[in-house]
Amino acid sequence: MTRILITSALPYINGIKHLGNLVGSQLPSDVYARFNRALGREVMFICATDEHGTPAELAAAKAGQDVAEYCADMHETQAKLAKGFRLSFDHYGRSSSPQNHKLTQHFAGKLAENGLIEEVSEKQVYSNADGRYLPDRYIEGECPNCGFADARGDQCENCTKQLDPTDLINPRSAISGSTDLEVRETKHLYLKQSTMRDKLDAWIDEKKDWPVLTTSIAKKWLHDGDGLRDRGITRDLDWGVPVKKGDQDWDGMEGKVFYVWFDAPIEYIAATAEWAEANGLGDDAWERWWRTDKGADDVKYVQFMGKDNVPFHTLSFPSTIMGSNEPWKLVDYIKSFNYLNYDGGQFSTSKGRGVFMNQALDILPSDYWRWWLLTHVPESSDSEFTWDNFQQTVNKDLADVLGNFVSRVTKFCRAKFGEEVPAGGSYDDAENAVIAEINKRLETYNTHMEAMDIRKATSELRAIWVAGNEYLQSAEPWAKFKTDPEAAAGIVRFALNLIPLYAVLSEPFIPDAADTMLNAMNTKADWPTDVAAALNSLEAGHAFTVPDVMFAKISDDARDEMEQQFAGQS
RNA sequence: GGGCCUGUAGCUCAGUUGGUUAGAGCAGAGCGCUCAUAACGCUUUGGUCGCAGGUUCGAGUCCUGCCGGGCCUACCA
């Protein structure tokens with residue numbers, strides 16, 4: 001039996017994430033995890049907060065908190081929101097965990113042993129007022145090319161010319177505005193990725209089935225200019241994983257930490273170790289997912305991420321893994337996504353533009369958001385959120401097609417036969433035709449889910465819901481009831497049986513609604529392998545209840561109000 | 001500047017290795033049903049597939065150029 005290891009890109013710690021962040025990795029990975037669990041496969045689904053780096057320190061300072069305290073609070077907030085959206089992580093870890101400190105230092109030590117680390121002395125801009133080194137984009141000044149006053153140290157937004165911070169005229173700190181800057185000499189570790197270029201190139205070449213978005217970005221970095229460049233993996237910061245070789249100190253690296261992009265992917269592994277500890281299990285429990293010498297040979301490892309994360313997952317992290325010369329599990333498939341835009345522009349934290357995870361849950365239940373986001377997940381190109389589209393999709397698909405189906409069937413039965421599955425009648429041609437159709441659609445649905453074609457899967461699922469309404473319309477139990485109650489009973493029994501089937505098939509997308517359906521029908525169900533059998537599972541006499549309205553519609557007024565509320569200040 | 005992605009009905013999107021009259025959902029129109037959240041079902045109107053060339057017996061699909069949108073470009077993460 002194949003085991004499935006799934007990781008979602010780690011949300012950064014510096015604030016509450018918006019819907020674009022959610023749909024770009026966590027939500028689709030959750031669908032895939034739920035689907036695989038439903039099939040009975042053993043799944044390990046990992047996510048964590050990514051807590052290191054300059055922006056985390058600045059966010060903490062802005063919040064007037066110590067950075068460790070800030071990260072702990074924000075981790076709790078994000079974990080709570082993840083639960084609110086029903087993200088079914090087996091563990092939601094923290095990149096600041098002791099496990100990650102230990103593993104990150106371990107990998108660095110191995111890379112050094114294998115001659116893949118180089119010490120480089122370089123010049124960095126230091127801000128006396130801020131008491132810290134400034135990354136290029138945290139330095140602003142006048143562009144030497146076009147004269148734009150607020151050019152950033154890496155690139156001028158106005159003329160798009162790439163810059164070096166020392167090019168700027170009258171440079172200042174973007175954090176404090178201070179001009180008390182100086183260039184200091186500082187020593188850093190570089191990972192010699194360039195020596196692994198051919199190996200990485202050959203490895204990427206094997207991945208014929210990966211999304212073009214994934215492989216093309218990797219190829220660009222491998223072949224652009226002089227090819228893959230070495231990458232600095234340390235920073236002059238206080239908050240992070242202290243630079244060590246395994247458990248040994250690293251001469252000349254005192255007071256420095258590893259670069260956030262070096263330790264963040266290692267947290268996928270460390271979070272699994274956190275999971276083991278949290279569940280009172282030994283190291284072998286997590287190592288069997290990650291070490292091919294300890295049982296991970298039968299693991300299929302799938303990563304989900306936004307396109308901005310691709311280079312780090314196709315090149316940097318594999319360099320770390322391969323360079324260690326230890327039998328760690330490499331990724332088998334990378335599913336990458338484009339971006340979700342908001343009503344004609346980008347989501348913007350600073351402008352308060354767009355919907356953030358906490359706000360979304362304040363307004364409507366998670367299933368509404370999950371369904372819309374997943375039916376519009378940016379798989380082939382960027383996609384766009386509009387309130388009008390959101391309202392239409394939710395009202396039509398969830399309220400009218402699925403919710404109303406459950407409602408009409410259960411209420412009709414209650415009125416004519418009471419709140420139990422009626423006896424009498426039998427399944428005939430009409431029912432067998434529905435079984436045949438669902439069988440066919442289920443096969444397609446399974447194929448899309450295995451391939452992680454999320455949008456195609458949603459439209460197939462919707463078609464399966466529609467089949468129920470079509471059936472009722474042509475079977476007309478309300479008309480039959482007047483002349484042939486037995487026949488009507490058979491129809492209602494069949495229709496009632498569709499509800500648990502729909503619940504199971506819908507669970508990866510709308511888990512709360514699936515629960516509601518199963519609870520109402522007072523049953524449990526497995527992923528169907530035999531649709532005919534599944535539609536015979538509720539027998540005559542089985543008691544059920546009529547659920548409350550599963551999905552209340554979004555009114556035009558409510559839609560307009562929400563649109564106003566989230567328009568931002570642009 | 002360079003690289004990649006993208007432009008198909010009013011809207012959101014499918015369109016396998018080029019092969020007869022270009023598909024789906026929503027929206028619009030008409031009809032039907034009345035069990036149901038005025039829900040459901042059936043039928044139907046919308047497209048010189050961004051533009052211009054080219055290859056081919058044949059191109060939405062391949063090539064070239066142009067126009068528009070997006071992302072990345074290695075020190076934000």
Side-chain angles (χ1 to χ4, degrees), chain A residues 9-14 50 52-56 58 122 124-125 133-139 152-155 160-162 164-165 174 188 193 211-213 215-221 223-225 228-232 235 259-261 264 306-312 315-316 338-339 341 346 375-376 378-384 386 388-389 392-393 395-416 453 455-456 458-459 462-463 466 468-481 488 491-492 495 546 548-553:
Chain A
L10 309 185
Y12 196 63
I13 197 70
N14 68 339
D50 177 14
H52 300 137
T54 306
L58 297 180
E122 57 189 14
Q124 284 275 309
V125 174
Y133 283 92
L134 297 177
D136 291 358
R137 70 168 49 197
Y138 282 98
I139 302 161
R152 286 192 322 219
D154 55 342
Q155 186 175 36
T160 74
K161 186 178 170 61
Q162 301 211 27
D164 192 89
H188 281 295
Q193 304 185 129
V212 187
L213 185 63
T215 51
S216 66
I217 292 173
K219 284 288 180 183
K220 168 68 160 60
W221 283 51
H223 298 291
D224 188 42
L228 188 61
R229 288 176 235 166
D230 295 340
R231 184 178 263 282
R235 291 291 183 273
Y259 176 39
V260 55
W261 261 117
K307 54 186 167 184
D308 52 332
N309 273 238
V310 168
F312 304 101
L315 305 169
S316 309
N338 289 285
Y339 289 148
N341 290 319
Q346 297 197 330
T375 51
H376 294 80
E379 283 175 315
S380 56
S381 62
D382 291 353
S383 61
E384 176 159 317
T386 64
D388 192 50
N389 188 300
Q392 278 183 15
T393 302
N395 286 356
K396 194 67 195 173
D397 295 354
L398 296 182
D400 294 347
V401 176
L402 178 61
N404 181 56
F405 174 78
V406 173
S407 181
R408 69 194 293 205
V409 171
T410 53
K411 285 182 179 168
F412 181 77
C413 184
R414 179 174 65 185
K416 306 299 182 189
D453 278 335
R455 278 199 191 210
K456 288 181 181 175
T458 60
S459 82
R462 187 184 188 282
V466 167
N469 283 314
E470 288 172 346
Y471 167 74
L472 280 184
Q473 194 60 38
S474 63
E476 295 185 300
W478 49 88
K480 291 259 170 49
F481 184 77
I491 293 165
V492 169
V546 174
D548 293 335
V549 166
M550 287 170 51
F551 303 100
K553 290 205 203 188

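The side chain of A:Arg137 approaches B:C76 more closely than any other nucleotide in the set B:U37, B:C76, B:A77. With B:A74, B:G25, B:A77 as the candidates, the nucleotide lying closest to the side chain of A:Trp221 is B:A74. Checked against B:G41, B:A39, B:A77, the side chain of A:Phe312 finds its nearest nucleotide in B:A77. Listed nucleotides B:C76, B:C26, B:C75 differ in distance to A:Glu122; the shortest reach to its side chain belongs to B:C75. Closest to the A:Lys307 side chain, of the nucleotides B:U37, B:A77, B:G70, is B:G70. When distances are taken from the side chain of A:Arg231 to each of B:C75, B:A77, B:A39, the shortest belongs to B:C75.
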Applying the Watson-Crick and G-U criteria (both distances under 3.5 angstrom) with [ ] for crossing and | for other-strand pairs, one obtains for RNA chain B (((((((..((((.....[...)))).(((((.......))))).....(((((..]....))))))))))))....
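At a threshold of 4.0 angstrom between heavy atoms, the contacts of A:Thr54 are confined to the sugar-phosphate backbone, with no base atom among them. No contact: A:Val125 has no heavy atom under 4.0 Å from any strand. Using a 4.0 Å heavy-atom cutoff across all strands shown, A:Ser459 reaches no nucleic acid atom at all. Across all strands shown, A:Asp308 has heavy atoms under 4.0 Å from base atoms, whether or not it also approaches the sugar-phosphate. Nucleic acid contact for A:Lys553: base, since at least one base atom lies under 4.0 Å from a heavy atom of the residue.
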Within the sub-3.5 Å range, which N or O atoms of nucleotides 11-14 of chain B have a protein N or O partner, and how far apart are they?
residue : atom : partner  : partner atom : Å
B:C13   : O5'  : A:Arg455 : NH1          : 3.2
B:A14   : OP1  : A:Ser380 : OG           : 2.6

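Interface remark: the A:Glu470 side chain does not form any donor-acceptor pair with the B:C40 base, using a distance-only criterion of under 3.5 Å. A donor-acceptor contact under 3.5 Å is not formed by the side chain of A:Arg408 with the base of B:A39. Side-chain N/O atoms of A:Asn404 and base N/O atoms of B:A36 include a donor-acceptor pair closer than 3.5 Å.
Between the CZ atom of A:Arg231 and the CH2 atom of A:Trp261 there is a distance of 9.0 Å, given to the nearest 0.5 Å. In this structure, CD on A:Glu384 lies 9.0 Å from CG on A:Asn389, to the nearest 0.5 angstrom.
Every residue was checked against the ring-ring contact (aromatic ring centres under 6.0 Å, His included) condition with A:Tyr12, not counting sequence neighbours, and none meets it. Residues satisfying the ring-ring contact (aromatic ring centres under 6.0 Å, His included) criterion with A:Phe412, sequence neighbours excluded, are absent altogether. Contacts of A:Asp230 classified as salt bridge (charged side-chain N to carboxylate O under 4.0 Å, His left out), with partners at least two apart in sequence or in another chain: none.
For the segment residues 471-479 of chain A, residues with any heavy atom less than 4.0 angstrom from an atom of RNA chain B are, sorted by number, A:Gln473, A:Trp478.
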